[in-house]
Amino acid sequence: MTQRYHPREIEKKWQERWASDHLYQVGEDSDLPKFYALTMLPYTSGDLHIGHWYAMAPSDVCARFKRMQGFNVLHPMGFDAFGLPAENAAISHGIHPHEWTMSNIENMRRQLKSMGAIYDWNRELISCQPEYYKWTQWFFLKFYHAGLAYRSRAPVNWCPKCQTVLANEQVVGGDLCERCGTEVTKKDLEQWFLQITRYAEELLDFSGLDWPEKIKTMQKNWIGKSEGAEISFGLEHAGLEQKEIRVFTTRPDTIFGVSFFLLAPENPLVPQLTTPEHQKEVAEYISWCKRQADYMRTSTDREKTGAFLGSYVINRLNGEKVPIWITDYVLPSYGTGAVMGVPAHDERDFDFARKFHLPIRPVITSPEHTGDEAIQAYSEPGVMINSGDFNGLSSERGYEAICDLLERKDWGKRTVTYRLRDWLISRQRYWGAPIPIVYCARCGTVPVPEENLPVLLPPNAEFRPTGESPLKYCPEFVNTTCPRCSGPAQRETDTLDTFMCSSWYYLRYSSTRADAGPFDTRKLKYWLPVDLYTGGAEHAVMHLFYSRFFIKALRDIDRNLIDFDEPFKRLFNQGIIAYHGGKMSKSKGNVISPDKYVSEMGADTVRAYLMFIGPWELGGGWSDRGIRGISRWLNRVWNLIENGYAHPVTKEEAKKELLHIIHRTIKKTSEDLENLRFNTMLACLMEFTNHLSKVQKERSVPTALWQEAITCLLLLLAPSAPHIAEELWSRTGHAYSIHNQPWPRFDARLAEEEQITLAIQINGKLRDKVLVSASISEAEAKGLVWERPRVKIYTEGKEILKTIYAPGRVVNIVVK
RNA sequence: GCCGGAGUGGCGGAAUGGUAGACGCGGCAGUCUCAAAAACUGUUGGGGAGUAAUCCCCGUGUCGGUUCGAAUCCGACCUUCGGCACCA
């Protein structure tokens, strides 16, 4: 009596059973080796779309595979629950962000459960809950006490739509808000920063990490390390105490080519260095600069602008007087905010010199470029000329010689500069962890004592988007007493960047309920670091970067807390699932909800289809037709097993073949899972299914072997389609649960082909094929081809030049 | 402008120096049916020769190169998707 495949029923049944049996609850007291597989924490946007499943389902398959392979697997799930959308929803719909977030979580949890993953829900974490954000604040205090958190007034990125400041990493495409795409502006504000720059050098070290090159390159570029020298230029300006200005350059070897000196328009020395006759022009230029949008400043193909201040610096190496100009292509925040202009050897300086008719003096030549009147800057290495005692040196040696001289005379030194800026962590919004700082008139800035954490968010704040934190208008929050002197004091009203919350959550999963610390150190030591971390590449210089910084900084603060250097050993970025017109997004209205497909075809089908679309790292297009193929396949698997097997007419050949295919399939499936190549793994299981259909029809193998084959098929299917595998496992009389079974092993000898098809080529063109034993020797293979009639036809009357044998592949006869 | 990924049938893709197109979608033909859908079976890169079994030619973005042999390696270019971009 066969029954049809009803995914909805069996999925519900097994999900309930797994939950009530705590099948996926995981502990630390196992003798098995651990494996920590983690998917990036989802934001509580409300609905999971198919893109979330694309991130999570294959990751679950991998975790399940590792579990069957005998690892104690931690594969947790939680929610990144603080952030702007909750607050914006609160403003537009009048719901409290907490309520909005929690109801979203409820829906997302339901959707996640329908996926049938091995998440241990006992370890769920929600970053907006006080028992979690208490520790986010605690980490802030650790950084503060270690001198890594500081407050400073600086021109910062401001998103007028989000009404808050943004970290540099959150400004994309030069000037757009990462979250809402609005053009950001600059604002001068007193803000909290974390000194990530202190770790610039160590963050460049990726040794021992199995990470995609792309992400490593993006982080390296973001850090932007430059080696060069800081050089002092003499200043002899009446009424100015300062006697030098320093520049940073990567080309000290070109110092004899300096023909002008550049300052950023913002440089505080500008007013004093401007002579009366240039005052008007300089003032006009500065006010013009202020009117320019920030992104214009960093646009490369724009005519150079600037103004002469009327005063000069001295190039100490040749005693020359060099005119000081200001220009907006010198950025105040990089290096020393001053540049030596070497037009012959720097493209930008060249353009500037052309525009303002400043001298262009070549000091480096190359064999191809023999000092002709330059039509472009020559920025390659070469031989030094016009450089006094240094003439004739290669620029590489000149670099060293000039640095030596600078250091000897104390005119400068070798130095390294980074593009990376400190991480701005203040946000002028409500829905985040309050920064645990109190301002006291008497004691100044006072950190909230650890035992007073968490600093709770007041539930009754008003979310007026005013550009200032809503907490500022909540007197019961702001007014407090100083922890030091007990006098009246005010709380810091900015909240922490939500990236602070997600920089340490993977530590918390080791012991989500810990309340004596952010985690239980013993458990942390057991689970961390993460063995496989998967998620989108969009976090390259944000979440992934901050998390690395967190671990390194915490390690240096207290080795008993963290005793490893990197949070994520292996990183994998899945691609993007597109649908009608590109990446799914709410604004495009092309978001696919998994719910509909889950109820029509089952979670197993949706999981497997997502894996089948293509290589995981490439993503691909969702197709309503394509998913039917997977649905049909699972139905075929179901029917294959439900139809039973009886009265075999055994054929030796068929027996041997099936045994070989079983082992070949185990081998291929295991390798593909290890390499996260889910699409080819499923293709291989489909081939296996097709072969089994044929065997079933022919009844060509003994019943015992048939049963071995389908048992194997179910085990191999279990990570990808856990529900149908469990159901068929039980229907074939096996003991619960398939998910506690060991992953099948293969016999390497059986997995190998016994017979191979050898291709025979004449001059590299395929002319014949022959079935031979896999163990054929080179001599045998080369000899055998001459008996083939087709070889005779093609070689008759021709001169045989040589015969090439590629073992197990091809014999190629070269004729003339 | 610079760096990186991708480009293969009608479509998603497989093959990373050795039989191009695995697996799936779609199409076509058939079985079942009064019929249709579903399901199942067969077939399916293009062109050509042959009654046929078969056989030949072309074919992995474009043009060159290396090699006995190239989707795969090298050089130049085109398209496309990411990232970076006046960082001295």
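Just so we're on the same page: letters track the sequence lines, and every chain starts at 1.
- The nearest whole Å value for the distance from the CH2 atom in A/W622 to the P atom in B/rC25 is 15 Å.
- Here B/rC86 is the nucleotide among B/rU41, B/rC86, B/rA20 with the atom lying nearest to any side-chain atom of A/R302.
- Residue A/R790 has its side chain nearest to B/rC56 when only B/rC56, B/rG69, B/rG13 are considered.
- When each of B/rC86, B/rG24, B/rA15 is scored by its nearest atom to the side-chain atoms of A/D328, the top-ranked nucleotide is B/rC86.
- Heavy atoms of A/V342 sit nowhere under 4.0 angstrom from any nucleic acid atom.
- Here A/R625 lies in heavy-atom contact (under 4.0 Å) with sugar-phosphate atoms only.
- When ring centroids are compared, A/W622 and A/Y597 come within the 6.0 Å threshold.
- Proximity of A/R632 to the phosphate of B/rG24: no side-chain N or O atom is located under 4.0 Å from OP1 or OP2.
- Considering only side-chain atoms of A/P615, the nucleotide from B/rC3, B/rA14, B/rC86 that sits closest is B/rA14.
- A salt bridge links A/E753 with A/R664; the closest basic N to acidic carboxylate O contact falls under 4.0 Å.
- Interatomic distance, A/F688 CZ to A/L717 CG, rounded to the nearest 0.5 Å: 11.0 Å.
- Distances shown here put a side-chain N or O of A/R677 below 4.0 Å from the OP1 or OP2 atom of B/rA15.
- Within the 4.0 angstrom heavy-atom criterion, base atoms lie near A/N812.
- With B/rC68, B/rG24, B/rA39 as the choices, the nucleotide that has an atom nearest any side-chain atom of A/R628 turns out to be B/rA39.
- Of the side-chain N and O atoms in A/N690, one or more sit less than 4.0 angstrom from OP1 or OP2 of B/rG24.
- Taking only side-chain atoms of A/Y329, from C-beta outward, the nucleotide of B/rC23, B/rA39, B/rC86 with the closest atom is B/rC86.
- Place A/S333 and A/I630 on RNA chain B by their nearest nucleotides, and A/I630 ends up nearer the 5' end.
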* Asked: What would the secondary structure line of RNA chain B be in dot-bracket form, counting Watson-Crick and G-U wobble pairs under 3.5 Å, with [ ] for pairs that cross earlier ones and | for pairs with another strand?
  -> (((((((..(((.....[....)))((((((.......))))))(((((....)))))..(((((..]....))))))))))))....
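- Between A/F612 and A/F678, the gap from one ring centroid to the other reaches at least 6.0 Å.
- Ring-centre distance between A/W325 and A/F261: not below the 6.0 Å cut-off.
- Base contact: A/T757 has a heavy atom under 4.0 Å from a base atom.
- Taking the six-membered ring where the residue is Trp, A/H543 and A/H539 present perpendicular rings, their angle passing 60° and hence far from 30°.
- For the pair A/K765 NZ and B/rA20 C1', the computed distance is 14 Å after rounding to whole Å.
- The side chain of A/K802 places an N or O atom within less than 4.0 Å of a non-bridging phosphate oxygen (OP1 or OP2) of B/rC68.
- Salt-bridge annotation for A/D672 and A/K668: present, with a side-chain N of the basic residue lying under 4.0 Å from a carboxylate O of the acidic one.
- Look at CZ on A/R788: it is 14 Å from P on B/rU54, rounded to the nearest Å.
- Residue-level contact check: A/Q761 touches the bases, meaning some heavy atom is under 4.0 Å from a base atom.
- Atom-to-atom, CG of A/L640 to C1' of B/rU41 comes out at 16 Å; the value is rounded to the nearest Å.
- Residue A/N679 is classed as a sugar-phosphate contact, given heavy-atom separations below 4.0 Å to backbone atoms only.
- Note on A/K694 versus A/E698: no salt bridge recorded, every NZ/NE/NH1/NH2 to OD/OE distance being 4.0 Å or above.
- One can place CG of A/D672 at 17 Å from P of B/rG13, the figure rounded to the nearest angstrom.
- Backbone-only engagement by A/S226 is indicated by non-hydrogen atom pairs under 4.0 Å involving sugar-phosphate atoms exclusively.
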* To do: Could you run through nucleotides 4-12 of chain B and give me one letter per nucleotide, 5' to 3': B if any protein heavy atom sits under 4.0 Å from the base, S if only the sugar-phosphate is that close, - if neither?
  => --------B
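- A/V810 comes within contact range of at least one nucleobase, with a heavy-atom separation under 4.0 Å.
- Note on A/Y794: only backbone sugar-phosphate atoms sit closer than 4.0 angstrom, heavy atoms only; bases stay farther off.
- The nearest whole Å value for the distance from the NE2 atom in A/H691 to the C1' atom in B/rC23 is 16 Å.
- Among the atoms of the strands shown, only primed sugar atoms or phosphate atoms (P, OP1, OP2) are found under 4.0 Å from some heavy atom of A/R767.
- Nearest heavy-atom pair, A/C684 versus A/T665, reported as atom, atom and distance to 0.1 Å: SG-CG2, 3.8 Å.
- Listed nucleotides: B/rC3, B/rC84, B/rA22. Nearest to the side chain of A/R419: B/rC84.
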